[in-house]
Amino acid sequence: MPHTRPNPDSSAQPADPSGRVARNTTPDRYAVVGFPISHSYSPLIHRLFAEQTGENLTYSRLAAKPKEFHRIVRRFAADGGRGLNVTVPHKEAAFELAEEIGSEAERAGAVNTLSFTDNGRIRGDNTDGIGFQRDIERNHGISLRGKRTLVLGAGGAARGVVAALLEVQPSELVLANRTVQRATDLLDILNAPANFSTCPLPALSDYQPFEVVVNATSLGLHSMELPFPPGCISEETFAYDLVYSPQRTPFVDWASRHGAGKAVQGWGMLVEQAGESFAIWRGVRPDTSPVLETVLAKARV
Ligand code: NAP
């Protein structure tokens with residue numbers, strides 16, 4: 001499990017006569033970094049977590065194109081920032097940047113949570129996998145164990161998802177990606193067992209429908225025809241889109257049109273992975289259920 005870091009500001013304060021520790025009034029700074037980033041709900045989610053737990057922090061958005069990523073992260077840390085969530089397209093770059101790596105991030109080769117430690121080092125963790133698993137198993141009540149599973153996409157987010165699936169042991173996992181080599185490299189990194197395999201997207205038409213189909217590609221924030229063979233889906237399929245949007249996403253639309261038993265967006269994963277990041281940074285675990293309700297209401301999903 002990733003380490004937790006006590007808030008140095010609060011421990012440095014003298015205790016008042018009631019035994020409570022006085023809080024420093026300067027909030028700790030956090031942000032999400034990615035490109036594009038203007039659509040991110042992470043500032044809202046972390047504000048709700050902070051209100052719920054009484055943690056003193058601010059959380060903003062940082063836009064960083066790939067060439068700017070290292071410079072912007074180092075500047076944020078040098079200016080006193082305490083942690084960053086990392087999103088598209090920087091999760092592998094964040095893994096390279098981190099000097100200490102949590103076990104989930106090590107396994108996935110991708111980082112979505114950076115912490116700037118008191119000794120000036122950069123720590124990297126990955127909470128995507130646990131967020132994905134918690135949303136499907138707890139919020140949607142679907143057990144992933146023993147299921148025939150298809151994961152579409154082999155980018156930064158898929159790394160955490162496939163690493164989590166390795167733990168829950170599906171009966172078979174097919175990892176399909178436009179660039180097959182990227183999928184093969186991922187299974188190699190994970191030292192995946194023989195029931196995990198890769199294929200190019202068009203070759204999926206040779207497969208029987210899957211019980212679980214996960215869209216971990218970055219396709220589908222805009223309406224478009226998706227390059228996935230519809231034979232992957234049947235009425236037994238639980239279709240899960242990592243992409244989330246106030247509108248119905250193209251993948252959810254596609255899976256529903258082709259008869260999926262259930263098709264959902266990744267709002268719950270978004271909140272669950274954020275809750276895990278918050279716990280790493282602050283040492284306190286927020287209750288994610290009311291925050292997910294508020295986020296869904298704000299997005300009017
Ligand atoms: P990424 O590292 O940029 O990977 C993108 C993936 O999409 C790759 O597999 C890429 O294939 C594939 N792809 C892109 N364009 C394609 C196209 N035209 N046709 C076929 N495949 C295409 O992105 P990421 O970090 O993995 O994120 C993926 C998505 O997950 C994003 O939309 C992100 O917002 C979402 N996400 C959601 C959550 C959540 O909490 N719900 C968490 C993390 C990520 P190639 O390898 O061939 O380029």
| Residues two or more places apart in sequence or in another chain: which of them pass side chain to side chain contact (heavy atoms under 4.5 Å, CB included) with R121? | E99, E100, T117, N119
| note | Residue pairs meeting side chain to side chain donor-acceptor pair (under 3.5 Å), one or both in residues 141-153, sequence neighbours left out, come to R145-Q169, R148-E172
| Does a salt bridge link D128 with K91, judged by any charged N lying under 4.0 Å from a carboxylate O? | yes
| request: Output all residues satisfying salt bridge (Lys or Arg N to Asp or Glu O under 4.0 Å) with E293, sequence neighbours left out; order by chain, then residue number. | output: none
| message | Between R134 and E276, does any NZ, NE, NH1 or NH2 come within less than 4.0 Å of an OD or OE carboxylate oxygen? | response | yes
| said: My understanding is that only residues two or more places apart in sequence, or in another chain, count here; which of them pass salt bridge (Lys or Arg N to Asp or Glu O under 4.0 Å) with D287? | reply: none
| note | side-chain hydrogen bond (donor to acceptor under 3.5 Å, both in side chains) filter on R107, not counting sequence neighbours, yields E167
| message | Running the 4.5 Å side-chain criterion over Ile, Leu, Val, Met, Phe, Trp and Tyr, what cluster does F35 land in, apart from itself? | response | none
| field | Pairing residues for E235 by the side-chain hydrogen bond (donor to acceptor under 3.5 Å, both in side chains) criterion, not counting sequence neighbours | value | none
| query | Is the W267 ring parallel, tilted or perpendicular to the Y244 ring (thresholds 30°, 60°)? | reply | tilted
| Pairs meeting criterion ring pair (Phe, Tyr, Trp, His ring centres under 6.0 Å) with involvement of residues 155-207, two or more places apart | Y207-F210
| query | Among all residues two or more places apart in sequence or in another chain, which pass the side-chain hydrogen bond (donor to acceptor under 3.5 Å, both in side chains) test with H90? | reply | none
In a table with atom names and distances, give each donor-acceptor pair under 3.5 Å that connects a side chain of residues 67-76 to protein atoms at least two apart or in another chain.
| residue | atom | partner | partner atom | Å |
| --- | --- | --- | --- | --- |
| E68 | OE1 | K65 | N | 2.7 |

| task | Decide, yes or no, whether a salt bridge links D28 with R282 under the criterion of side-chain N to carboxylate O below 4.0 Å. | result | yes
| remark: Across all chains, not counting sequence neighbours, the salt bridge (Lys or Arg N to Asp or Glu O under 4.0 Å) partners of R248 are D253
| Which residues satisfy the salt bridge (Lys or Arg N to Asp or Glu O under 4.0 Å) test with R61, sequence neighbours excluded? | none
